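Report on the structure given below.
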Number of protein chains: 2
Amino acid sequence: MDTFDPVPIFRYQEMEQKEENDLNLKAMNAEELREQAHKMVDFIADYYKTIESFPVLSQVQPGYLGKLLPDSAPTCPESLQHVLNDVQEKILPGVTHWQSPNYFAYFPSNSSIAGFLGEMLSAGLNIVGFSWITSPAATELEAIVLDWLAKALLLSHDFFSTGQGGGVIQGTASEAVLVVLVAARDKILRTVGRTALPKLVTYASDQTHSSLQKACQIGGLDPELCRLLKTDSSTNFALSPDVLSEAISDDIASGLIPFFLCANVGTTSSTAVDPLPALAKVTRTNNIWFHVDAAYAGSACICPEYRHFIDGVEEADSFNMNAHKWFLTNFDCSLLWVKERSALIQSLSTNPEYLKNKASEGNMVIDYKDWQIPLGRRFRSLKLWMVLRLYGLEGLQAHIRSHIAMAAYFEELVVQDKRFKVVAPRTFSLVCFRLLPPPNSKDNGNKLNHDLIDLVNSTGSVFITHTVLSGEFVLRFAVGAPLTEVRHVKAAWQILQEKATALLQIYH
Amino acid sequence: MDTFDPVPIFRYQEMEQKEENDLNLKAMNAEELREQAHKMVDFIADYYKTIESFPVLSQVQPGYLGKLLPDSAPTCPESLQHVLNDVQEKILPGVTHWQSPNYFAYFPSNSSIAGFLGEMLSAGLNIVGFSWITSPAATELEAIVLDWLAKALLLSHDFFSTGQGGGVIQGTASEAVLVVLVAARDKILRTVGRTALPKLVTYASDQTHSSLQKACQIGGLDPELCRLLKTDSSTNFALSPDVLSEAISDDIASGLIPFFLCANVGTTSSTAVDPLPALAKVTRTNNIWFHVDAAYAGSACICPEYRHFIDGVEEADSFNMNAHKWFLTNFDCSLLWVKERSALIQSLSTNPEYLKNKASEGNMVIDYKDWQIPLGRRFRSLKLWMVLRLYGLEGLQAHIRSHIAMAAYFEELVVQDKRFKVVAPRTFSLVCFRLLPPPNSKDNGNKLNHDLIDLVNSTGSVFITHTVLSGEFVLRFAVGAPLTEVRHVKAAWQILQEKATALLQIYH
């Protein structure tokens with residue numbers, strides 16, 4: 001190692017004299033923050049103003065940014081203007097614009113004015129709310145707002161914080177399913193003994209999000225015993241209770257221990273809805289933890305006309321929806337409710353000396369650190385609270401309905417064009433469709449649709465993604481960006497039609 | 001369930017006429033965002049301007065907020081001003097002010113102007129960067145900035161993304177240790193077989209952060225086999241390599257399989273530093289994954305005079321520091337470097353159809369989803385990049401040095417007052433000290449110091465926390481809030497002295 005200066009020794013007397021001036025680095029200063037943050041507001045507002053001028057899907061090549069940035073951090077400070085110029089010239093070309101009105105990929109990840117303001121406030125306070133005492137408002141607002149939403153979703157009282165359950169904000173649905181899986185794992189192991197770990201079996205449909213399998217991997221469960229039960233178009237890709245019952249019986253007969261079911265309301269591929277009431281019966285009979293993943297579609301259930309999709313959730317042990325998907329709350333904000341919070345706490349609590357305090361020791365408060373994987377946590381309830389207040393439940397319902405209406409409109413556009421086919425029933429704001437291969441084509445349509453999506457996305461005018469359903473490569477059109485209007489849906493469809501025409505000419 | 005309106009059917013022709021106006025809810029709108037966000041900037045700047053007027057530790061009672069807020073979400077929208085009034089009157093009293101210059105609790109969680117601006121920009125773009133394609137700039141900037149910092153920390157090239165390793169931003173150190181623990185677990189199980197899971201042994205000192213034990217719990221490891229090896233003041237609470245060697249030998253003799261060591265640079269209780277080079281030898285001999293947790297103290301290692309504290313990290317498999325603690329980067333931003341990224345990816349990757357894309361399939365890019373627990377991820381590298389650019393490495397070094405200088409000053413103040421004792425060597429910006437019990441007191445000083453901290457914190461003028469070292473209740477004074485100046489340190493010491501005087505009078 002090089003020879004460095006010795007550790008500087010600051011003497012008592014010197015420090016007395018130095019006082020604040022020399023040591024204050026102005027890392028934080030109210031007036032400087034005000035001045036610079038106003039500039040940033042204008043930069044971001046201008047971004048939204050011009051968002052349609054960018055290619056929706058970034059068109060850069062792998063490694064592009066390394067060529068544009070230096071290979072070391074700067075030694076001396078640079079100006080904000082310099083950095084913002086770089087954002088404009090070097091970063092934005094590499095951004096895929098999730099907030100563009102022409103973004104119809106994956107599922108949406110809504111930004112909103114209220115959500116953005118909530119993020120600002122949370123970043124401004126910059127508290128770390130692991131225990132109640134580290135900011136009582138952060139814990140209490142979270143419990144209150146999750147109760148508000150439980151009420152709006154007509155969840156049973158068992159899920160409210162005033163009972164034995166309660167809600168908690170996780171980062172993502174992946175973390176939500178991991179924490180309940182671990183709670184369920186430990187609950188059954190307390191009965192059957194730790195040595196039974198390799199015998200535990202998890203169930204879900206083959207349409208279930210990959211985060212379940214990942215949670216099994218992380219939780220030390222045998223990945224072979226994560227049963228992803230086959231679905232097909234006969235149930236619209238929903239899990240059959242009979243198939244589940246049979247799998248459970250077979251596993252019990254083999255000496256295995258069924259312990260967890262993840263049911264879906266709105267699968268990622270096609271928004272399939274599993275039959276919760278019938279599945280609940282099977283889980284009850286077999287003493288299985290029943291988790292309901294409504295990451296995307298849960299938001300729609302604040303509208304009375306869509307609430308029936310989660311009928312049966314009253315039988316579940318846990319329920320999850322992502323406010324950051326379709327509820328105008330900026331990423332990340334995944335809402336998890338459990339009926340038995342003690343199960344989470346038994347698996348996830350720690351109690352080191354340096355975190356002990358009277359409120360926690362007295363069991364008077366919630367310490368959300370014991371409901372999640374990390375210790376630290378941001379003040380995320382602020383943004384959800386601001387979304388609920390600045391839009392109101394009616395505003396949020398109108399928002400959901402407008403997206404579903406636009407998706408229904410798109411579906412009709414597809415139906416009108418006989419060259420295309422809608423391949424799964426549209427339930428919410430996602431349309432699954434494909435271009436039909438020409439008669440006598442050697443291609444079953446998979447290459448054709450693969451080519452079509454590449455052509456469409458490379459225009460930069462629109463971004464859609466795909467899935468595979470029963471072996472068919474299928475295009476997904478998900479309406480959900482807050483700036484999307486009917487004209488954007490129309491324009492997207494025109495591009496799809498044009499590119500389809502061009503492709504079919506080549507294929508002929 | 002009540003009878004609801006049927007699902008509204010939007011007809012093709014109607015939609016043609018409705019066009020954008022009726023459906024546009026203005027959830028997002030550039031000019032409205034600009035107007036409202038400027039108001040929020042002023043609110044936050046005013047907060048910093050007046051931050052010293054709040055009690056540092058919130059003085060509210062459990063359940064306070066439920067009495068102030070309604071029990072349902074509003075049906076109709078409310079105004080931002082209405083919400084900001086509530087923040088002022090109802091939320092801020094329940095906030096513990098981590099950014100107050102009089103905050104000396106736990107470890108700091110720095111906010112800064114640059115970090116705040118980065119959070120704003122990230123929330124504004126609101127992308128979800130799970131795969132490269134979902135915003136190439138998010139992935140590439142993260143790899144670049146982590147390489148910049150690896151360079152500034154003089155990490156060996158094995159940790160750079162240009163080799164077989166690389167850096168990734170996790171939410172917290174808890175998640176960092178969990179992902180490397182799981183990677184190490186699966187790596188050894190690939191050799192010895194899955195059935196060996198109940199035999200795996202994890203090692204660390206008893207000073208190690210509770211997140212390690214929690215990671216073992218989550219990862220399905222036997223909690224009894226998480227060996228927290230005893231330390232004491234003879235090694236300044238650092239882990240002895242001999243103690244480690246002996247524990248490993250004993251476990252091997254019992255047929256167990258040692259697989260993971262978590263070493264600390266800057267423990268939570270007293271900033272103890274484990275002897276990395278000597279521990280590295282033990283791990284190498286025994287083929288154990290060697291993780292270095294420098295969550296707090298890692299930041300100091302960008303100063304040449306403190307770099308020696310991580311000497312030996314070149315032998316580690318993984319290294320973690322929290323930029324959100326002491327590196328002016330708003331929470332959350334935990335930096336993890338690994339030498340063998342394939343180990344992480346083998347444990348954490350998923351590849352569902354709906355996420356497949358050319359760049360990923362071609363192995364041309366990093367997909368950070370496979371380096372972490374969640375799928376979704378925020379554009380967190382923006383704030384770290386802005387911190388590095390707006391302060392420069394020299395600015396960050398000066399920031400670290402000023403905090404250490406203030407802690408050294410506080411330590412001298414304690415030394416000057418013979419009623420107090422410094423109980424562990426000060427290495428960085430944390431001073432561990434206690435008030436000595438009066439001669440012939442029945443109390444060993446634990447109740448005295450417990451009473452002292454309660455008295456001091458209930459003034460609202462300062463917030464400090466405690467730990468226990470070798471059975472002694474010890475006060476921790478951690479300098480690290482960006483607004484802290486020497487005058488705040490002095491004032492805090494005066495309060496401590498005053499309250500000590502008052503208490504000692506009662507005790508006599």
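The chains referred to below are lettered A, B, ... by the order of the sequence lines, with proteins before strands, and numbering in each begins at 1. It should be emphasised that the depicted structure is a prediction, and the values quoted were computed from it without experimental measurement.
Proximity to chain B (any heavy atom under 4.5 Å) is restricted, for A/V365, to the side chain, taken from C-beta onward. Of the atoms belonging to B/L69, it is side-chain heavy atoms, and not backbone ones, that fall under 4.5 Å from chain A. At a 4.5 Å heavy-atom cutoff, the contact between A/K49 and chain B is made by backbone and side-chain atoms alike. For a residue to count as touching a neighbouring chain, one of its non-hydrogen atoms must lie under 4.5 Å from one of that chain's; by this rule B/A37 touches chain A with backbone and side chain alike. Contact annotation for A/A152: neither backbone nor side-chain heavy atoms come within less than 4.5 Å of a heavy atom of chain B. The part of B/K358 that comes within reach of chain A is its side chain, from C-beta onward, which places non-hydrogen atoms under 4.5 angstrom from that chain. Proximity to chain B (any heavy atom under 4.5 Å) is shown, for A/N330, by both the backbone and the side chain. Residue A/P198 does not touch chain B at all, counting heavy-atom pairs closer than 4.5 Å. In this structure, the portion of A/T350 lying under 4.5 Å from any heavy atom of chain B is its side chain and not its backbone. Both the backbone and the side chain of A/L33 come within contact range of chain B, each with at least one heavy atom under 4.5 Å from a heavy atom of that chain. Contacts between B/D42 and chain A at a heavy-atom distance below 4.5 Å involve backbone atoms as well as side-chain atoms. Looking at A/E32, both its backbone and its side chain come within 4.5 Å of chain B, counting heavy atoms on both sides. With a 4.5 Å cut-off on non-hydrogen atoms, B/V468 touches chain A through its backbone and its side chain both. Looking at B/S135, both its backbone and its side chain come within 4.5 Å of chain A, counting heavy atoms on both sides. Residue contact with chain A, scored on non-hydrogen atoms closer than 4.5 Å, involves the backbone of B/S79 exclusively. Looking at B/L121, both its backbone and its side chain come within 4.5 Å of chain A, counting heavy atoms on both sides. Interface residue A/Y64: backbone and side-chain heavy atoms are both found under 4.5 Å from chain B. The contact between A/L57 and chain B is made entirely by side chain atoms (from C-beta outward), counting heavy-atom distances below 4.5 Å. With a threshold of 4.5 angstrom between heavy atoms, A/L178 approaches chain B through side-chain atoms but not through N, CA, C or O. The parts of A/L80 that come within reach of chain B are both its backbone and its side chain, each placing non-hydrogen atoms under 4.5 angstrom from that chain.
With sequence neighbours excluded, the residues forming a ring-ring contact (aromatic ring centres under 6.0 Å, His included) with B/F331 are B/H324, listed by chain and number.
Between the side chain of B/N126 and the backbone N or O of A/N110, at least one donor-acceptor pair lies under 3.5 Å. B/Y106 contributes no side-chain N or O that, together with a main-chain N or O of A/T134, makes up a donor-acceptor pair within less than 3.5 Å. Listed for the B/Q217 side chain is a donor-acceptor partner under 3.5 Å among the backbone atoms of A/S347. Of the possible polar contacts, one joining the A/Y391 side chain to the B/A27 backbone as a donor-acceptor pair under 3.5 Å is found.
A/L125 places none of its side-chain heavy atoms less than 4.5 Å from the side chain of B/Q99. Put simply, the side chain of A/L375 reaches to within 4.5 Å of the side chain of B/H209, judged on heavy atoms. Side chains of A/D71 and B/D147 form no contact here, defined as non-hydrogen atoms less than 4.5 Å apart. Side-chain contact between B/M28 and A/Y48 is present, with heavy atoms from C-beta onward closer than 4.5 Å. For the pair B/P74/A/L393, no side-chain contact is recorded, criterion being any heavy-atom separation below 4.5 Å from C-beta on. Using a 4.5 Å heavy-atom cutoff, the side chains of B/I144 and A/L65 are in contact. B/L117 has its side chain out of reach of A/F43: every pair of non-hydrogen atoms, C-beta onward, lies at least 4.5 Å apart. In this structure, A/W132 and B/T96 have side chains that are not in contact, with every pair of non-hydrogen atoms separated by 4.5 Å or more.
Most heavy-atom pairs under 4.5 Å with chain B, from the set A/D454, A/I44, A/I127, A/L390: that is A/L390. Comparing B/A138, B/G63, B/S269 by how many heavy-atom pairs each has under 4.5 Å with chain A, the most go to B/G63. Most heavy-atom pairs under 4.5 Å with chain A: of the set B/T465, B/L197, B/D332, B/T268, this distinction falls to B/T268. Taking B/I373, B/T467, B/L388, B/T172 one by one and counting their heavy-atom pairs under 4.5 Å with chain A, the maximum is reached by B/I373. Comparing B/L348, B/L355, B/T195, B/L92 by heavy-atom pairs within less than 4.5 Å of chain A, the highest count is held by B/L348. Looking only at heavy-atom pairs under 4.5 Å with chain A, the residue among B/R185, B/M364, B/E119, B/M386 that has the most is B/R185. The residue among A/E175, A/R378, A/E394 with the most heavy atom pairs within less than 4.5 Å of chain B is A/R378. Ranked by heavy-atom pairs under 4.5 Å with chain B, the list A/G171, A/P352, A/P62 is led by A/P62. Considering only heavy-atom pairs separated by less than 4.5 Å from chain A, the leading option among B/E78, B/E140, B/R389 is B/R389. Ranking A/H82, A/R476, A/H97 against chain B, the residue ahead of the rest is A/H82, based on heavy-atom pairs under 4.5 Å. Ranked by heavy-atom pairs shorter than 4.5 Å toward chain B, the options A/D186, A/V182, A/V145, A/D222 are led by A/D222. Taking chain B as the reference chain and counting heavy-atom pairs below 4.5 Å, the highest number among A/A359, A/S174, A/P93 is found for A/S174.
Taking the charged nitrogens against the carboxylate oxygens, B/D46 and A/R34 do have a contact shorter than 4.0 Å, which makes a salt bridge.
When only modelled atom types and interatomic distance are considered, A/S72 and B/K151 share a side-chain donor-acceptor pair under 3.5 Å.
Contact record, A/S111 with B/G124: OG-O, 4.5 Å, taken as the closest heavy-atom pair.
Once rounded to the nearest 0.5 Å, the distance linking CE of B/M40 with CE of A/M120 reads 6.5 Å.
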